[in-house]
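Lettering of chains follows the sequences in order, A, B, ..., and the numbering in each one begins at 1. Everything numeric here is computed off the predicted structure, so don't read it as measured data.
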2 protein chains.
Amino acid sequence: MNPNREGDGWSALADGTRRAIVSRLADGPQAVGQLAAGLPVSRSAVSQHLKVLKDAGLVSERAAGTRRVYRLNPTAVAALRDQLDTFWQRALASYVEVAGQATEESP
Amino acid sequence: MNPNREGDGWSALADGTRRAIVSRLADGPQAVGQLAAGLPVSRSAVSQHLKVLKDAGLVSERAAGTRRVYRLNPTAVAALRDQLDTFWQRALASYVEVAGQATEESP
DNA sequence: CTTCTCGGTTAGGATTCACTAACGGTTAGC
DNA sequence: GCTAACCGTTAGTGAATCCTAACCGAGAAG
């Protein structure tokens, strides 16, 4: 068991193949065969990557007959984006703090 | 050279220790000893992580006497954030496309 | 000059990860 | 009932990764 609950999203996006899957799913829902046909890996690899992404909450699965359609979860993507945005804003704030040492702050 | 030029940032953020380093650097520049003192890993590990982050362009290093101060690079963080934002917007666009197919629409 | 602290580098081990290959289960169509 | 297509799962291998421990170089203080 890998208790990387918060880090799941980041480690899921660490792999290039998974980012490619996410990029394709961002354009619209697709099945496993569709994704594997456009990627240089086998179906098993795509299925495992989708499992990782689903476990991270980045994609959701829906059964459509005999094939399963996966679609991207915008909320999870937005959560990671917000976390990155927080880092960015804090970094800017620290820069302002350093800059404020030279001159006074302006309204 | 690492052929994962764009993916460097993502794989750099995949590790929890590196994210902790990034989080601390977001609050202000720090030296290696400072970071290692607040983290449950040794100085060597912190130095290696900083090398990975520097190679990914996420942090920049500046010599201050005998100790080196690392600081976060907001531009690289913003680049990753924008990429995530692109995924988010595309996913929303595909949702709108699917929603347009249905006749029901609720506020 | 000597000593002390700080930082980077290397070697080594243990863990984790990504991929292929083979199998079983489920649904659509004859 | 039977065939065909599609999908998920389980070994198993090879590579990448993260960590500690030990060594060495560079400045500051005495």
Side-chain angles (χ1 to χ4, degrees), chain A residues 1-25 28-72, chain B residues 1-25 28-72:
Chain A
M1 334 157 173
N2 281 329
N4 277 347
R5 235 152 267 174
E6 316 167 4
D8 268 341
W10 295 111
S11 39
L13 287 181
D15 190 62
T17 303
R18 276 197 291 263
R19 278 199 307 277
I21 291 175
V22 167
S23 177
R24 284 163 191 272
L25 287 181
Q30 280 190 13
V32 179
Q34 289 263 347
L35 290 167
L39 289 172
V41 294
S42 66
R43 221 179 47 238
S44 289
V46 173
S47 191
Q48 290 179 22
H49 285 312
L50 284 171
K51 176 171 183 156
V52 173
L53 290 170
K54 186 173 68 177
D55 198 60
L58 281 168
V59 305
S60 59
E61 174 247 342
R62 199 183 46 155
T66 174
R67 67 189 63 178
R68 276 155 200 183
V69 179
Y70 288 83
R71 64 185 176 87
L72 192 61
Chain B
M1 296 288 234
N2 280 329
N4 279 345
R5 215 166 295 155
E6 315 166 5
D8 267 340
W10 296 112
S11 40
L13 286 180
D15 190 62
T17 303
R18 277 196 291 263
R19 278 200 306 278
I21 291 175
V22 167
S23 178
R24 283 162 192 272
L25 286 182
Q30 279 190 13
V32 179
Q34 289 262 348
L35 291 167
L39 290 172
V41 294
S42 65
R43 234 179 26 241
S44 289
V46 173
S47 191
Q48 290 180 21
H49 284 312
L50 283 172
K51 177 171 183 153
V52 172
L53 290 171
K54 186 173 67 178
D55 197 59
L58 281 168
V59 304
S60 59
E61 174 248 343
R62 199 184 45 155
T66 174
R67 66 189 62 179
R68 277 156 198 180
V69 179
Y70 288 84
R71 64 185 175 87
L72 192 61

Inset, instruction - Take the protein atom CG of Leu35(B) and the nucleotide atom P of dG7(C), then report the distance between them rounded to whole Å. - result: 9 Å
Legend entry - Sidechain-backbone polar pair: Arg18(A) side chain, Ala12(A) backbone, donor-acceptor under 3.5 Å: yes
Inset, instruction - Indicate yes or no: at least one non-hydrogen side-chain atom of Leu35(B) is less than 4.5 angstrom from one of Leu50(B). - result: yes
Inset, instruction - Report yes if at least one side-chain N or O of Tyr70(A) is closer than 4.0 Å to OP1 or OP2 of dC7(D); otherwise report no. - result: no
Inset, instruction - Measure the CD1-CG distance between Ile21(B) and Leu13(B) for me, rounded to the nearest 0.5 Å. - result: 11.0 Å
Legend entry - Integer-rounded Å distance: dA18(C) P and Arg19(A) CZ: 11 Å
Inset, instruction - State, yes or no, whether a side-chain contact exists between Asp15(B) and His49(B) at a heavy-atom distance under 4.5 Å. - result: yes
Legend entry - Contact summary for Arg68(B) and Ala63(B), nearest pair of heavy atoms: CG-CA, 4.0 Å
Inset, instruction - Rounded to the nearest angstrom, tell me the gap between atom CD in Gln30(B) and atom P in dC6(C). - result: 15 Å
Legend entry - Between dT17(D) (P) and Trp10(B) (CH2): distance, integer Å: 18 Å
Inset, instruction - Would you state whether a donor and an acceptor, one from the side chain of Ser44(A) and one from the base of dA21(C), lie under 3.5 Å apart? - result: yes
Legend entry - Residue closer to the 5' end of DNA chain C, Thr66(A) versus Ala31(B) (nearest nucleotide): Ala31(B)
Legend entry - Sub-4.5 Å side-chain heavy-atom contact between Val22(B) and Thr17(B): no
Inset, instruction - Could you tell me whether the side chain of Ser42(B) has a donor or acceptor atom within less than 3.5 Å of a complementary atom in the base of dA21(D)? - result: no
Legend entry - Spacing between Arg67(A) atom CZ and dA4(D) atom C1', to the nearest angstrom: 13 Å
Legend entry - Side-chain N or O of Arg18(A) closer than 4.0 Å to phosphate OP1/OP2 of dA18(C): yes
Legend entry - Side chain Arg68(B) and base dG7(C) donor-acceptor under 3.5 Å: no
Legend entry - Interface with DNA chain D, restricted to residues 45-63 of chain A and to heavy atoms under 4.0 Å: Ser47(A), Gln48(A)
Legend entry - Close side-chain approach of Leu58(A) to Leu25(A), heavy-atom, < 4.5 Å: no
Legend entry - Spacing between Leu39(B) atom CG and dG7(C) atom P, to the nearest angstrom: 14 Å
Legend entry - Closest to side chain of Asp15(B), choosing from dG7(C), dC19(C), dC18(D): dC18(D)
